[in-house]
A.B. asks: 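Please read through the structure below; I'll follow up with questions.
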Amino acid sequence: MAQENSPIQHELRFAERTQFQAGIAAFDFSGRALKHSDVIAFNYGLPDGDLFQLPELKAATALALSGDGARSLQYGGGSGTSRLPAYIAADRSRRWNTTVEPDEVLITSGSSQAIDLAGRLFLDPTDEVWFEAPSYFGAIHVLSLYGRQRRGFGMDAQGLVVDEVAEELERRAKTGAPLPKLFYVIPNYQNPTGLTMSLERRRTLAELAMRYGFYIIEDDAYGELGFDGVALPPIRSFAPEHTLYVTTFSKTVAPGLRVGAVIAPKTIIRGMQRVKSEGGTSPFVQETLANLLESIDFQAHLAHLRQTYRDRRDAMTETLAKVMPSGCEWTTPLGGFFVWVTLPEHTDIHRVWEHALEERVSFVGGPPFYVDEAGKNQMRLSFSYFKPDIIREGVLRLSRAVEKSMSPALTPTAPSAGR
Ligand SMILES: Cc1ncc(COP(=O)(O)O)c(C=O)c1O
């Protein structure tokens with residue numbers, strides 16, 4: 001039989017998870033979702049297309065093509081490839097009250113590629129990579145392609161429980177057991193829980209990275225979408241030499257641009273450039289995005305997004321409070337796209353899923369967010385895509401599905417559908 005962490009076991013588990021997600025992904029997420037499908041899909045963290053700045057993007061694209069436009073369509077062409085890192089460096093220097101230099105910034109094809117490059121550069125198959133439990137399944141998947149030993153550490157209202165991490169590191173250092181190479185965390189409005197890591201824990205995790213020599217991937221996909229306007233300092237500010245800070249324009253401009261970035265020490269940036277084999281993130285798209293950012297009031301745009309997503313978060317959490325059966329708990333995120341729901345312990349998320357489909361609502365069940373078998377009574381709901389009225393209706397439908405799955409009279413078959 002395959003061992004628990006053998007490559008075969010790993011592949012099997014991944015196949016199982018993708019199959020589970022594939023069922024979920026079968027819905028239409030285009031702007032036409034509601035016309036063609038009556039399913040209210042709370043599953044993927046899609047920004048609302050109505051919030052894309054189409055006229056401004058059109059103008060920025062036209063500008064990229066005008067004049068000496070052929071340059072931006074050339075290999076490595078145009079000035080966007082230098083203007084965009086300069087913009088990000090200046091923006092973070094201002095926000096973090098420090099100096100980030102443009103050559104500490106690498107533009108990537110979405111933040112997904114930044115995570116992938118970190119895995120390529122740092123991990124050998126026997127290396128360990130650690131995560132919050134739960135964590136973003138895309139990162140779990142891509143980092144697991146490189147380092148096959150994974151481990152998750154619990155979270156509470158303050159985010160990652162760093163004391164558990166410290167204990168495990170100390171135990172390993174004492175016994176000579178392997179230490180992790182990378183620790184992937186999402187400190188702001190985490191995917192999937194919506195939780196935020198406290199300042200103290202950020203500092204502690206940074207200290208642990210410096211003491212035990214591992215690197216932190218600080219994924220800040222949602223950091224600009226905090227509802228109360230308060231931004232905690234990034235983990236990077238406590239350990240710049242041990243942090244790969246990852247950001248993206250997917251949630252704030254549009255995911256179809258596929259532009260993200262990593263801020264890291266120059267030696268790491270050079271290493272990532274060496275393993276970045278596609279010949280560079282599209283110069284044309286970088287030109288367009290640089291034009292856009294230089295021509296709009298981006299802070300005002302972010303303020304609009306925050307207010308819009310805040311109203312949607314309210315619609316979701318207020319309705320959950322009104323209609324969910326007792327014994328269910330959920331987070332109230334201070335930013336980002338997601339609410340994390342924990343159902344009573346015996347609830348089987350696959351049964352909830354069956355009833356949810358009958359009710360025409362969907363979600364992502366907990367298991368794909370863990371590196372082990374946890375999460376069977378949990379689900380992630382995204383409030384980013386739909387307007388408040390639809391969110392309220394979706395949560396009502398979901399509550400009916402949960403009630404049905406908890407009621408033995410309505411589900412006379414086996415207590416668990418299994419997988
Ligand atoms: C935490 C987190 N990181 C990264 C990504 C990937 O984003 P990108 O479009 O920048 O590749 C997502 C997308 O859902 C995410 O939630």
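Whatever order the structure lists them in is the order used to number ligands and atoms, beginning at 1.
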A.B. asks: Strictly by ring-ring contact (aromatic ring centres under 6.0 Å, His included), give each pair with a member in residues 100-120 just once, sequence neighbours left out.
C.D. replies: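 Every pair satisfying ring-ring contact (aromatic ring centres under 6.0 Å, His included) with a residue in residues 100-120: there are none.
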A.B. asks: Quick one: which residue pairs count as a ring-ring contact (aromatic ring centres under 6.0 Å, His included) with a foot in residues 72-98, not counting sequence neighbours?
C.D. replies: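 Qualifying pairs, neighbours excluded: W96-Y245.
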A.B. asks: When you measure from the side chain of T331 to the backbone of T193, do you find a donor-acceptor pair of N or O atoms at a distance under 3.5 Å?
C.D. replies: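 Yes.
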A.B. asks: At less than 4.0 angstrom from any atom of ligand 1, which residues have a non-hydrogen atom? List them by chain and residue number.
C.D. replies: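 For ligand 1, the residues that come within the 4.0 Å heavy-atom cutoff are G110, S111, S112, Y136, Y184, I186, N191, D219, A221, Y222, T248, S250, K251, R258.
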A.B. asks: Got R397 and S362 here, is their nearest side-chain heavy-atom distance under 4.5 Å?
C.D. replies: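 Heavy-atom side-chain distance check fails, nothing below 4.5 Å.
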A.B. asks: Using 30° and 60° as the class boundaries, would you call the ring planes of F338 and Y222 parallel, tilted or perpendicular?
C.D. replies: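 Rings of F338 and Y222: perpendicular, over 60°.
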A.B. asks: Could you pull out all residues at least two apart from R95 that satisfy salt bridge (Lys or Arg N to Asp or Glu O under 4.0 Å)?
C.D. replies: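 D91, E224.
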